[in-house]
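So the structure is just underneath, and the comments pick up after that.
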Protein chains: 2
Amino acid sequence: MNIYDIAKLAGVSIATVSRVVNDSPKVSEKTKEKVRAVMAANDYIPNVFARGMSLNSMKTVGIICPSVSDHYMASAVSYLEKNLRNYGYDCILYCSGYEQEDKEISVQMILQKRIDALLLVGSCYAGDKEYGEDITYIKKASEEIPVFIMNGFISGENIYCMLTDDYQSVYDAASAMLASGRRQILFLSDSYSYSAMHKLQGYEDALKAAGIPVLGERKVYIKNEIHLVRDILLARRDLEFDGVIATDDGLAVGAVKYARAKRLSVPKDISIIGYNNSELSIGCEPELTSIDGRGDLLCKMTIDSLMEVLKGEDVEHRKYVRCRLEKRCTTDF
Amino acid sequence: MNIYDIAKLAGVSIATVSRVVNDSPKVSEKTKEKVRAVMAANDYIPNVFARGMSLNSMKTVGIICPSVSDHYMASAVSYLEKNLRNYGYDCILYCSGYEQEDKEISVQMILQKRIDALLLVGSCYAGDKEYGEDITYIKKASEEIPVFIMNGFISGENIYCMLTDDYQSVYDAASAMLASGRRQILFLSDSYSYSAMHKLQGYEDALKAAGIPVLGERKVYIKNEIHLVRDILLARRDLEFDGVIATDDGLAVGAVKYARAKRLSVPKDISIIGYNNSELSIGCEPELTSIDGRGDLLCKMTIDSLMEVLKGEDVEHRKYVRCRLEKRCTTDF
DNA sequence: TTGAAAGCGCTAACAC
DNA sequence: GTGTTAGCGCTTTCAA
């Protein structure tokens, strides 16, 4: 069943059928009804390829994230997919991993699909030149289609960045922890991403503002595995700390496990703050105070901007979402 | 840059360029080299639409899952996407939600994309007629393209089901719990899916085999939210139990929280087993014994079958993966 | 081994 | 408001 068959059956031209399919206003209601009836009766499905060929667009958005098995990103992808579809856009998904080369290949491949826009989920795509990562592949992509980065920043004509205010939220959290009397706060991170660097900066500035020295040994980088974090902390007998700020809940729960192993009381002996407000922060014991990066809002903002850009409207190249501290039992403020 | 430009620059016909792109054997190496050089020099990218139109395939697999924010499914989608791409297939993702109508719409819409195969992730798509759900929309899809169901079963010519041995794993877990002396085991579930019904059956049969009566009140259905589960269990003062088998780790952690609130010792006073072996089972305290549904194996099996079917080979319509009990601290066997 | 040319099914510019 | 027709960029016969 193609457009010619429908046209013949309905006694109109293919142009009219096409117009009906696209709900053009310059077809009479009567004709529309007639054609629609024929289409329905024959289970007619317009050929997306032919359509894409004429329009040179498939109403598809490409989404790349390092891994959708990370909960934060999974939620984001889920939300994005659902809402984009509401706007009539499909999603094609690539999980690129974290390696530079793989990220480049992913972008290159997804561009071949003639997507209408590219969505980069995760701050690992914002590896700024300062941090040694090459971002020309993203710049290049932006020459063809608009690029949206969630939680990362790259400046560019056709690049739109949706940001979480990581700096401020960690600054505030660390300040509150300091105000509650902690003096030796550990910064626990598993990444050098744009986002992680801003969190670090917030941590350092809060310490400085309180007149506390920033020690290199208190900045611990480690793989995000609960038991691994616990064991590493246990092994580092030189390390003294009465507070932990982690860039992810998994890391923070590792610290909780460490406290338990050392029979430290939480939050009395040690205060702990995680990040992302995930299920893990409710599952652990005591339950974890966590910074909520408001992924939902970030997604919403992204989709709104995306639609505006696709409509040809002018959109800010950088937008922010404020985080929120979800207070639970691992802090005493 | 299209095929005509390349042809002109290379001094050959478009047919030859096309053959080179598709690595046809009937082009001389010499010509191939020449054409390839021109393509490379001009960053030539074949137009996927035109290509899809001729081939009537876009080398794309449609994946539908209820929600990719569920960790189990997210891992699956991640794995599937990565491996399908290795085989040269793209993925288009739909998150359908759990409602019958939404699932039907998702399938209908994704079929319009001319996908080469449909992958249904999650046992909620197997709602058997016995359980009241209509599956004709899946049967209908299978008339057009091969359909693969992960963790669900529907019989049909063009339907391939990859199954986890949920029945046996719960049967074994419940039997072990009974052997360790428990007599009042609670079955905690959040769904009536194909998979959940099989888990239930395993639970019931294990009890029966041990001569223990199956009580309706010991089968608790509840939304998968940790605090909610805890509170409901606390509220049900009539309910007595010394063991819990849950169809998901989230539910099981709710039971752990319940035990803590009641100052019950785990596993001494109450033994708990979760499902899916997620991060949550390591994050909670004490750490949760959990049944690992081997999602990775299931995915691998699915992709292997998919490729064989697409190649036109004969493939079994039902395949099983064995689960594994990951023993941690909430059980004493 | 290569080229010419006929589609594939649709959109959109143009004509009526 | 409707029809005619020229592409869109590719694959694939068919001839040479």
Side-chain angles (χ1 to χ4, degrees), chain A residues 1-40 42-60 88-90 111-116 144-145 310 312, chain B residues 1-39 42-60 88 90 109 111-116 144:
Chain A
M1 266 298 147
N2 62 26
I3 201 169
Y4 294 96
D5 300 324
I6 300 296
K8 205 172 291 170
L9 288 170
V12 296
S13 73
I14 56 159
T16 299
V17 176
S18 176
R19 290 189 189 106
V20 173
V21 167
N22 294 290
D23 206 20
S24 155
K26 33 184 174 177
V27 180
S28 70
E29 265 317 310
K30 221 173 174 176
T31 315
K32 269 189 187 173
E33 302 248 314
K34 188 172 58 181
V35 174
R36 284 203 182 112
V38 175
M39 294 197 298
N42 293 278
D43 284 330
Y44 168 63
I45 298 176
N47 182 310
V48 278
F49 301 133
R51 197 163 201 196
M53 203 155 132
S54 297
L55 299 173
N56 201 30
S57 148
M58 201 126 115
K59 295 260 280 178
T60 300
Y89 282 83
D90 279 304
L111 283 181
Q112 298 188 8
K113 307 306 162 192
R114 306 276 168 140
I115 51 179
D116 297 307
E144 301 191 24
I145 48 170
L310 252 28
Chain B
M1 265 300 147
N2 62 26
I3 200 169
Y4 294 97
D5 301 324
I6 301 296
K8 203 171 292 170
L9 288 170
V12 297
S13 72
I14 57 161
T16 299
V17 176
S18 174
R19 289 187 190 108
V20 172
V21 167
N22 295 291
D23 205 21
S24 156
K26 33 185 177 177
V27 179
S28 69
E29 265 318 309
K30 221 173 174 177
T31 316
K32 268 190 188 174
E33 303 248 315
K34 188 172 59 181
V35 174
R36 283 207 182 109
V38 175
M39 295 198 297
N42 293 279
D43 283 330
Y44 169 62
I45 299 176
N47 182 308
V48 278
F49 300 136
R51 197 163 203 195
M53 202 153 132
S54 298
L55 299 174
N56 202 30
S57 150
M58 198 125 120
K59 294 260 275 178
T60 300
D90 279 305
M109 288 185 61
L111 282 181
Q112 298 188 7
K113 306 306 162 192
R114 305 277 168 140
I115 51 178
D116 297 307
E144 301 191 23

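These numbers were taken from a predicted model, which means no experiment stands behind them. Chain letters run A, B, ... following the sequence lines, proteins first and then strands; every chain starts at 1.
A:Asp90 places a side-chain heavy atom less than 4.5 Å from the side chain of B:Lys113.
Boundaries of the chain A contact region on DNA chain D are D:dG1 to D:dG9, first to last in 5' to 3' order (nucleotide atom under 4.0 Å from a heavy atom).
Every residue two or more places apart in sequence or in another chain that forms a side chain to side chain donor-acceptor pair (under 3.5 Å) with B:Ser57 is listed here: B:Asp116. A search for side chain to side chain donor-acceptor pair (under 3.5 Å) contacts involving A:Ser24 returns nothing, not counting sequence neighbours. B:Ser28 pairs by the side chain to side chain donor-acceptor pair (under 3.5 Å) definition with B:Thr31, not counting sequence neighbours. Taking the side chain to side chain donor-acceptor pair (under 3.5 Å) definition, one finds that B:Lys34 meets it with nothing, sequence neighbours left out. Contacts of A:Asn42 classified as side chain to side chain contact (heavy atoms under 4.5 Å, CB included), with partners at least two apart in sequence or in another chain: A:Met1, A:Ile6, A:Leu9, A:Val38.
A donor-acceptor pair is defined here as one N or O able to donate and one able to accept, closer than 3.5 Å; such a pair exists between the side chain of A:Asn2 and the backbone of A:Asp5.
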N/O to N/O distances under 3.5 Å, protein versus nucleotides 10-12 of chain C:
unit_1, atom_1, unit_2, atom_2, d
C:dC10, OP1, A:Tyr44, OH, 2.4
C:dC10, OP1, A:Asn47, N, 3.2
C:dC10, OP2, A:Ile3, N, 2.3
C:dC10, O2, A:Ser54, OG, 3.0
C:dC10, N4, A:Tyr4, OH, 2.9
C:dT11, OP1, A:Asn22, ND2, 3.0
C:dT11, OP1, A:Arg51, NE, 3.0
C:dT11, OP2, A:Ser18, OG, 2.4
C:dT11, O4', A:Ser54, OG, 3.2

Verdict with reasoning, B:Val48 to A:Met58, per side chain to side chain contact (heavy atoms under 4.5 Å, CB included) = CA-CA 10 Å; B:Val48 278; A:Met58 201 126 115; over 6 Å; no
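Of the inter-residue distances, the one linking A:Phe49 atom CZ with A:Ser54 atom OG reads 13.5 Å to the nearest 0.5 angstrom. Rounding to the nearest 0.5 Å places NZ of B:Lys8 at 11.5 Å from CD1 of B:Ile14.
Inter-axis angle, ends of the helix from C:dT1-D:dA16 to C:dC16-D:dG1, five pairs per end, rounded to 10 degrees: 30°.
Within a heavy-atom distance below 4.0 Å of DNA chain C, no residue of residues 25-39 of chain A is found.
Among pairs with a residue in residues 43-53 of chain B, those fulfilling side-chain hydrogen bond (donor to acceptor under 3.5 Å, both in side chains) read B:Asn22-B:Arg51, at least two apart in sequence or across chains. Residues in residues 9-25 of chain A take part in these salt bridge (charged side-chain N to carboxylate O under 4.0 Å, His left out) pairs, two or more places apart or across chains: A:Asp23-A:Lys32, A:Asp23-A:Arg36.
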